[in-house]
Amino acid sequence: MNHTTILAGWDDAHSQLWGRQPIRLAHQLHQSPLFTTEKLARLIERYPREHYSLVLSGGVDGDRVWREGEIGALSGDQVLSAIAAGRFWLNLRNVDHVDARYGAVLDELCAEIGAKVPHFAAATRGAGILISSPRTKVYYHVDLPAQMLIQIVGHKRVYVYPATPPFVTPEDLESIALFDVEVDITPESWFDDHAAAFDFEPGQLLSWPLNAPHRVENLDDVNVSMTVSYADRDIRYRQVVSRANGILRHRCGYQPRSRATSGVSFWTKALMQEVLRHGPWVKRRRRERRAVDFRLDAEVPGRIVDLA
Ligand SMILES: [Fe+2]
């Protein structure tokens with residue numbers, strides 16, 4: 001018998017579907033005192049600059065926007081007011097390392113899932129807290145590690161697509177592995193006909209198959225979610241193959257055909273990508289795509305100041 005403090009209402013179907021189909025589960029983290037407005041405001045104030053991303057995104061009906069910025073000298077409460085008034089995603093990345101209390105939540109969650117899903121392995125894992133504005137969106141994208149999303153506050157709609165071509169191709173995975181670009185795939189409008197759409201509210205957790213594309217639309221309230229990324233050896237090896245095949249394709253003009261994660265071709269690629277992955281051509285593309293070009297305005301919540 002398994003004792004759980006985070007998961008709720010798990011049944012055998014969840015154990016069998018985990019990682020194979022998109023599934024929505026129940027959890028109790030939204031009742032944790034770690035996610036009150038007060039706690040989040042204090043967390044924001046002492047968050048290391050290198051561990052957060054602030055993104056200005058488009059509204060659910062507007063043009064595509066995706067700019068990176070910084071919170072500047074605002075207090076945690078001012079940042080939360082800006083998010084409530086604007087179109088932002090604040091991603092407190094690596095929160096399990098920044099604050100051990102959230103690390104303990106991640107460990108407990110992974111232990112509970114591991115007790116219920118025999119093939120669940122999360123030797124490499126990390127968590128983030130996402131605080132985001134009403135009616136903003138995260139565009140169609142793919143993450144290389146396995147993912148789950150835990151809703152704490154607010155309401156959103158999450159669309160999950162099949163983890164196969166044409167929804168995501170090997171070339172897409174290579175570009176993400178090489179250039180660290182998360183939001184770079186333009187979906188066809190008919191892709192939605194094949195998506196699983198979830199109305200997502202506090203107390204729910206979503207899990208989907210590895211590399212399944214997804215996008216998110218917030219409804220009319222501020223959202224607080226926890227994201228969990230995890231990988232076992234097989235997932236890490238797949239990333240190695242994607243990076244190596246990306247180098248072959250972009251740098252060497254060669255069409256890679258194998259995505260094997262064992263054998264001579266795999267280990268040759270593993271060595272090659274280790275040597276070449278930090279090359280100047282990769283770094284240059286990454287830097288161009290990650291420039292910070294605004295900060296939050298301290299006077300008017302939601303307004304931004306463009307940086308030269
Ligand atoms: Fe994602």
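Numbering of ligands and ligand atoms starts at 1, following listing order. If you read the sequence from its start, that first residue is 1, and numbering goes on from there.
- A cation-pi contact links R215 to Y159, judged by a cut-off of 6.0 Å to the six-membered ring centre and 45° from its axis.
- Distances from the Fe ion (ligand 1) under 2.8 Å pick out these protein N/O/S atoms: H141 NE2, D143 OD2, H214 NE2.
- Note: Y140 and F191 have tilted aromatic rings, judged against thresholds of 30 and 60 degrees for the angle between ring planes.
- Under the 30°/60° scheme for interplanar angles, the aromatic rings of W66 and Y139 are found to stand perpendicular.
- Seen from the ring of Y52, R49 counts as a face-on cation partner, given the 6.0 Å and 45° thresholds.
- A donor-acceptor pair shorter than 3.5 Å cannot be found between the side chains of S15 and D12.
- Ring planes of Y230 and F120: tilted class, angle from 30 to 60°.
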